[in-house]
Amino acid sequence: ARRKTGEEIVHTGTGLDELSDGAWSAAVFASGASVVRPAVFPVGQGGRRDARVVLAYPLRNSTGEVTAAMGFLMRIQDLQDAFSIAPLPPGSVMSINDADGRVLARSSEAEKYLGTVAYDQRPPKPVSLVLDGVDGVRRVYSSVPIKGTPWRLNVGIPVQLAFAKAMTLWRRNIIVLILGVSGWLFVAFVMSRRLGGSVAHLQAAARRFASGDFSPLEHKQMATLEF
């Protein structure tokens, strides 16, 4: 935690220098709001999976004035571990990307693709796109902004899998539609035959009367009381 003067109020020793430059606190004082500093992907000891981000928040006094800032270091690996419980279809990926499209965490082959720029900057709204991933697999992606950060959460499902799922849904709907239409056609056929038989019987009687034959009508069960 730091005051506006740059004085450090409290610090938990981690042996890391991501918080020592004070750039994160200056960003908080300038904006008066929480700040997420871009991730750093160190090369060498620890490798890419030890990349960290700084989450910084303003501390206000009773009048609402920002008097200090508090910063936290968060390992990207912690984000990566959260993906292990996400139920994804085979071949699907989930990733968190920064404002420049750089991969911060990924559910598959994280060691290979962390720090890689996966796409150009996206508009700050939910979108669905068909793209080739950094691994060359074409997927249907849904991308949404993560509130309070410049990051985006991206979930990609292979195009073939999405197509197969869509075809399964279409087949089910078509079968239900065919069964429904067939049922109504059967009902219409039965009703039309019953009504058609009644009309034909009355028509035959009318022709017989017209020809001068006034013998009693043959009794026949009618489909409705009107007939």
Side-chain angles (χ1 to χ4, degrees), residues 79-97 101 103-110 112-113 116 118-149 151-227:
L79 298 177
Q80 186 64 43
D81 293 341
F83 286 151
S84 62
I85 62 174
L88 294 174
S92 301
V93 296
M94 181 185 296
S95 67
I96 293 179
N97 301 69
V103 179
L104 304 180
R106 197 171 189 269
S107 61
S108 176
E109 299 181 292
K112 184 176 181 180
Y113 297 112
T116 303
Y119 53 74
D120 297 331
Q121 188 173 3
R122 297 285 178 231
K125 60 181 181 180
V127 293
S128 295
L129 300 168
V130 177
L131 298 171
D132 292 330
V134 292
D135 54 1
V137 178
R138 194 164 184 79
R139 296 183 176 91
V140 180
Y141 284 92
S142 180
S143 178
V144 295
I146 300 176
K147 186 177 180 180
T149 74
W151 304 339
R152 298 186 69 87
L153 175 64
N154 302 279
V155 179
I157 300 177
V159 171
Q160 292 182 345
L161 180 60
F163 180 76
K165 294 289 186 181
M167 287 303 298
T168 300
L169 182 61
W170 272 102
R171 282 195 295 267
R172 185 186 66 183
N173 291 342
I174 289 175
I175 291 174
V176 172
L177 179 62
I178 290 175
L179 291 176
V181 172
S182 300
W184 279 108
L185 288 176
F186 177 76
V187 172
F189 175 75
V190 172
M191 294 297 296
S192 64
R193 280 188 59 85
R194 294 182 64 187
L195 295 177
S198 299
V199 172
H201 179 68
L202 296 178
Q203 186 179 27
R207 288 176 179 173
R208 197 155 51 84
F209 291 157
S211 65
D213 183 1
F214 295 98
S215 59
L217 290 174
E218 176 188 357
H219 179 74
K220 183 176 181 180
Q221 183 70 32
M222 295 289 106
T224 64
L225 294 177
E226 289 78 9
F227 285 106

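Sequence positions, counted from 1, serve as the residue numbers for this chain. Below, all heavy atoms of this structure are taken into account, side chains as well, without hydrogens, waters or symmetry copies.
- Here the side chain of Arg152 pairs a donor or acceptor atom with the backbone of Ser143 at under 3.5 angstrom.
- Taking CD1 of Ile174 as the start and CG of Leu179 as the end, the distance is 12.0 Å to the nearest 0.5 Å.
- Across every non-hydrogen atom of Ser107 and Val93, the tightest pair is OG-CA, 3.4 Å.
- The minimum heavy-atom distance linking Pro158 with Ser92 is given by the pair CD-OG, 3.6 Å.
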With a 3.5 Å cut-off and sequence neighbours excluded, list the donor-acceptor pairs that the side chains of residues 199-217 form with protein atoms.
{"unit_1": "His201", "atom_1": "NE2", "unit_2": "Glu218", "atom_2": "O", "d": "3.3"}
{"unit_1": "Arg208", "atom_1": "NH1", "unit_2": "Ser215", "atom_2": "O", "d": "3.2"}
{"unit_1": "Arg208", "atom_1": "NH1", "unit_2": "Ser215", "atom_2": "OG", "d": "2.6"}
{"unit_1": "Ser211", "atom_1": "OG", "unit_2": "Arg207", "atom_2": "O", "d": "3.4"}
{"unit_1": "Ser211", "atom_1": "OG", "unit_2": "Arg208", "atom_2": "O", "d": "2.8"}
{"unit_1": "Asp213", "atom_1": "OD1", "unit_2": "Ser215", "atom_2": "N", "d": "3.1"}
{"unit_1": "Asp213", "atom_1": "OD1", "unit_2": "Ser215", "atom_2": "OG", "d": "2.9"}

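- Applying the side chain to side chain donor-acceptor pair (under 3.5 Å) criterion to Arg172, with sequence neighbours excluded, gives no partner residue.
- A distance of 10.0 Å separates CZ in Phe163 from OG1 in Thr168, rounded to the nearest 0.5 Å.
- In this structure, Arg138 places its CZ atom where more than 12 heavy-atom neighbours from other residues, nucleotides or ligands lie under 6.0 Å away.
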